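Just so it is clear, the model here is predicted, and its values are computed rather than measured.
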Amino acid sequence: MKKILVVYHDAGGGHRNAAIALQTVISGQSRDWQVELVQFQDLTDRLDVLRKLTGIRIQQQYNILLQNGWTLGSTYLLRLLQGTIRLFHKPLVNLLEKYWRDNPADLLVSVIPHFNRQICESWKRVYPARPFVTIITDLADFPPRFWIEPIKEQYVVAGTEEAAEQARALGHDSTHVFKTSGMIVRPDFYVSDDSDPGELRKQMGLEADRTTAMVLFGGHGSKVMLEITERLDAEGLPLQLILICGRNEALATKLRSRPWKMPVHIIGFTKEVHQLMRAADFLIGKPGPGSIAEAMIRKLPVLIECNAWTLPQERYNAEWVKEKNVGIVLKSFKDIVSGVKQMLERATFAEFRKNVAAQNNRAIFEIPEILAKLLGEASSFSHPAIQASPATVVR
């Protein structure tokens, strides 16, 4: 049995989701592989300088910044983090080397940024002939030293041509760059679902025939969701909202305490976003790669924001949305009313829906084939539609 290690962390939800998605898909295939997930923060905790100073892990600090919208100047914080990583390069490599030696595997996969140089160097010290793969979970890299390193041993899996070209520009040849049809997304988003959207809305206490927007800002929510809801509610638009607050219980409590004129359904943390999207017509949220990719698979146009507060690694995502014409990019959610009015125009919405339908992201099924090739296996698997479980509404 071949063993694969997948390195992830919990700064944001996308890295863990990518790791679990890959493990889930592979476990459902008849491959003689064991996939083991490695939490990078647990592995390197004793070198977490910020935790020593503040008592809070790096990944927790990142999530606090997102939850509160404290992202202005994040490029400078990112470069500071990268400088700190370089200072601790040698002890990081030594620590990782010991772990790989104690936990041998045939292939190593990273779904995290910033640390790929240290991961690759330590891995190659122990297993010089065994492949190291970085699966980019953003639509593009944010160089330097973010996802792609100028290290010839690094294999790169890119979900867009932009990211693949960035890898080639750093000297990676065609044997080390793999372009997939999109971003890695959990397999449950591919579940075939013929449930009636109107019936799902009624189960949530919403109107069956009213245009419905899902408001989603990741697993930790965002306080901007309250502002968005207030502005749309005051305008009296023919609209209703599904508000996903994630683990932000304070936000959910605030939203539930208000007497909204428009129909709203407020949800805390849920693993059923793929089903809830069936009840929505479009998505309002941050320009995160995971949310955009999930919306494309569930055939929802997107309404996102991009400005100085947007995380630097997510700014290309807005360019991608405009290039593919699959939604609207606002300078600020202060303009949410005008954005939604544009989305509600019949011809505009139809054009967005047509362009969204043209997206055919099968990356989660393509990546195991890439890994098989790197392991020297030539098998091929068909990927039938995943069957839906009975529709449920999470309240």
Legend entry - Exam field: side chain R315 to backbone C306, donor-acceptor pair closer than 3.5 Å: no

Inset, instruction - May I have the step-by-step check of salt bridge (charged side-chain N to carboxylate O under 4.0 Å, His left out) for R298 and D193, ending in yes or no? - result: CA-CA 10 Å; R298 302 307 278 179; D193 187 352; 3.5 Å; yes

[X] with [Y]: basic N within carboxylate O range, under 4.0 Å:
| X | Y | result |
| --- | --- | --- |
| D335 | K331 | no |
| K261 | E235 | no |
| E377 | K2 | yes |
| K223 | E227 | no |
| R168 | D173 | no |

Legend entry - Short side-chain donor-acceptor distance under 3.5 Å, H176 and E153: no

Legend entry - W147 and T134 side chains, donor-acceptor separation under 3.5 Å: no

Legend entry - salt bridge (charged side-chain N to carboxylate O under 4.0 Å, His left out) between K202 and E207, worked out: CA-CA 6 Å; K202 286 197 289 185; E207 296 178 15; over 6 Å; no

Inset, instruction - Could you pull out the closest heavy-atom pair between L232 and L237, with the gap in Å? - result: CD2-CD1, 3.8 Å

Legend entry - For P301 against R353, the heavy-atom pair lying closest together: CD-CD, 3.5 Å

Inset, instruction - Show your reasoning for whether salt bridge (charged side-chain N to carboxylate O under 4.0 Å, His left out) applies to K299 and D281. - result: CA-CA 9 Å; K299 307 307 177 189; D281 296 296; over 6 Å; no

Inset, instruction - For the pair E97 and K124, evaluate salt bridge (charged side-chain N to carboxylate O under 4.0 Å, His left out) and give the outcome as yes or no after the intermediate values. - result: CA-CA 9 Å; E97 180 183 342; K124 289 302 176 180; over 6 Å; no

